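Below is one structure; the comments refer to it alone.
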Amino acid sequence: MSFEVETEAYTGPIGLLLSLISLQKVDLWQLSISDLIDAYLAELDRMREMDLEIATEFLVVASALLELKCRRLFPSDEEELDEEFAFFEERDLLLARLLEVKAYRDASQGLVELLETASSSVPHVGMLDEPYLSMMPDILTGITPDRLARSLNRLLVTDSPESVDVSHLPEHPVAISQAAREVLVRLMDIRRCSFALLMESAGSRFEIVVGFLAILELYRQSRVLLDQENSLGEISIQWASDNLTPDEIEEFLEVSGFHLGDD
Amino acid sequence: MSLPNQPMLSKGIEAILMVSSEPVSSERAAEILSISVSEFESALSELSDFYDSSDRGFYIQRVGGGFRFAARPEMKEILEKYALSQNPPRLSGAVMETLAVIAYRQPISRAQISAIRGVNSDHAVKMLLSRGYVEASSRDTGPRGVRYLHTTQLFLEKLGLFTLSDLPKIEGFLPGPEVAEALEASLFESSH
Amino acid sequence: MSLPNQPMLSKGIEAILMVSSEPVSSERAAEILSISVSEFESALSELSDFYDSSDRGFYIQRVGGGFRFAARPEMKEILEKYALSQNPPRLSGAVMETLAVIAYRQPISRAQISAIRGVNSDHAVKMLLSRGYVEASSRDTGPRGVRYLHTTQLFLEKLGLFTLSDLPKIEGFLPGPEVAEALEASLFESSH
């Protein structure tokens, strides 16, 4: 059972992408991935059975779209490119990628046929008898117990612990100690401030998160008081330290271990 | 060294093929028989013709960079009765697709495979490794110690190929202009 | 049931002998070919005579209660050169994995090994038996007379181990005999 989408020109996994885009009249650039998932789930529901192959096809399509959307959302430095030109470039990239995936998929069918044809030919597996057998070089030469164990581990360990690739995450120079220092310096003057106001100058969500963590840490050390009237309401932050000079703040930060968060 | 006469030569070839557990290359066989590769190949092809014309139940199969004896495919029925049709479970579409990517793009890293297929392919790669169709070679090691995968001798044998260049050309699988145009048209429409 | 004509019969015998890894008994071969044992034996002896008279490099050897193809003893010189030209010694991944399964889960039957590995392991086992790294013990005999395999003293020596308990610990879970048998049963079902 396969998720066959029938269009006039094409049937198959890439047709899935196209039909989802065209049948729903979704503009590729306005496409909401959640709409795509809804459509997909509706299709699954219709089939009443989860099919791994179909799920895989869906993921291929969804990841291609996500990649495109990401490129759209985060233009490169050379974004002064003509809008239309950029569009053509993205469309061609998607096209090339879809064609490549389809080529490998069709080629795999060719490999299946080769396998099947070849399996009808049963090979003769000969073996030398003694005394010739013992003349052959020993096959365990260079095999260590560790290699043996590794071989078995490859067979048995289905979910080998893999490290999560975080290379796509931006490296931010924002450290909690730095944020805490800024919060303290500001509160020293104005004594009381809302979280929103404090984060006004934050350039990214990441900085806001760091700022929030810094305030939580300051609260834990009783340097500030926090107040929030209702859930999701405004958070108010109040200075709870005695007047400290910048030098004293520096010293406090040292003592409180904020410097450890640096780098 | 004198050249063995023809019957002696074919006897030698038969003895070698009979004791081999894997395909024997022309180079190795020629060396054992103390003849040149071309002499070996012509003797082998004569022997192969003899098996074909005398309608034997076996033949000389050219596979995996060498030669071996194999039962003729037309004897399938008898071999099935002999319970040799113990084919391993079929590989799923995802695994076969991964195998195709590796076969045509080797050497290639796991990450590159996943990038091409658009999905994590580690499970499929593991399956292929355990079947012995692909292996991670230490000689093909990329930056940061990334190990590259390539197909094995067993892969060639299982597919009945002599060398990798006998793989069907990938160009043959590239969708034709109609498909590309239809795709392009749909992409174009949907985005405008 | 009609008797296959003579050429067809010898073709069948050749195919069976060519793919057997063990000597084939007359009874088994006759059954596969749907003929009587005496019909099989007379066809076999005719075939055997043909190999002798046409001076082939192999012959039909009567051994261990059955028949098999073997290289002619007079090919001694070539077989020696073949044995010595085997280089580089390379333990295939399949054989290594099979050896590892036996080492860590002994005593274990062939079927259990195949079940754990997910692929038929008979050839790998045969290779290991022939090299003396594992052996089938008569003391470890399971239900239905299944013989269990275990590693030998030679295996320990080759790996530089004093006892089996010196093997490195493994991370994964190696299925016990019950699980391996259940796996085996399900594999068997799914292939029929």
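Because the structure is predicted, anything quoted here is derived from the model rather than measured. Per chain, numbering begins at 1; letters A, B, ... match sequence-line order.
- Between the CD1 atom of B/Ile78 and the OG atom of C/Ser34 there is a distance of 8.0 Å, given to the nearest 0.5 Å.
- Between B/Phe50 and C/Phe50, the ring planes are parallel. Angles under 30° get that label, and only those over 60° would be called perpendicular.
- With a threshold of 4.5 angstrom between heavy atoms, B/Ser21 approaches chain C through its backbone and through its side chain.
- The structure places CD of C/Glu14 at 9.5 Å from CZ of B/Phe69, a figure rounded to the nearest 0.5 Å.
- In C/Glu80, the CD atom is crowded: over 12 heavy atoms of neighbouring residues, nucleotides or ligands sit closer than 6.0 Å.
- At most 12 non-hydrogen atoms from other residues, nucleotides or ligands lie less than 6.0 angstrom from NZ of B/Lys76.
- Taking chain C as the reference chain and counting heavy-atom pairs below 4.5 Å, the highest number among B/Asp55, B/Thr152, B/Leu129 is found for B/Asp55.
- Of the atoms belonging to C/Ala29, not a single heavy atom falls under 4.5 Å from chain B.
- Contact of B/Tyr51 with chain C is made through the side chain alone, with heavy-atom distances under 4.5 Å.
- For the pair B/Met8 and C/Met75, the minimum side-chain heavy-atom distance is below 4.5 Å.
- Within the 4.5 Å cutoff, the side chain of B/Met18 has no heavy atoms near those of the C/Arg56 side chain.
- Most heavy-atom pairs under 4.5 Å with chain C: of the set B/Ala15, B/Gly57, B/Ala71, this distinction falls to B/Gly57.
- Of the atoms belonging to B/Ser20, heavy atoms from both backbone and side chain fall under 4.5 Å from chain C.
- Salt bridge present: B/Glu74 and C/Lys11 bring a charged side-chain N and a carboxylate O closer than 4.0 Å.
- Enclosure of atom CD in C/Glu157 by more than 12 non-hydrogen atoms of other residues, nucleotides or ligands within 6.0 angstrom is indicated.
- Atom CD of B/Gln112 has more than 12 heavy atoms from other residues, nucleotides or ligands within 6.0 Å.
- Both the backbone and the side chain of C/Ile32 have a heavy atom closer than 4.5 Å to some heavy atom of chain B.
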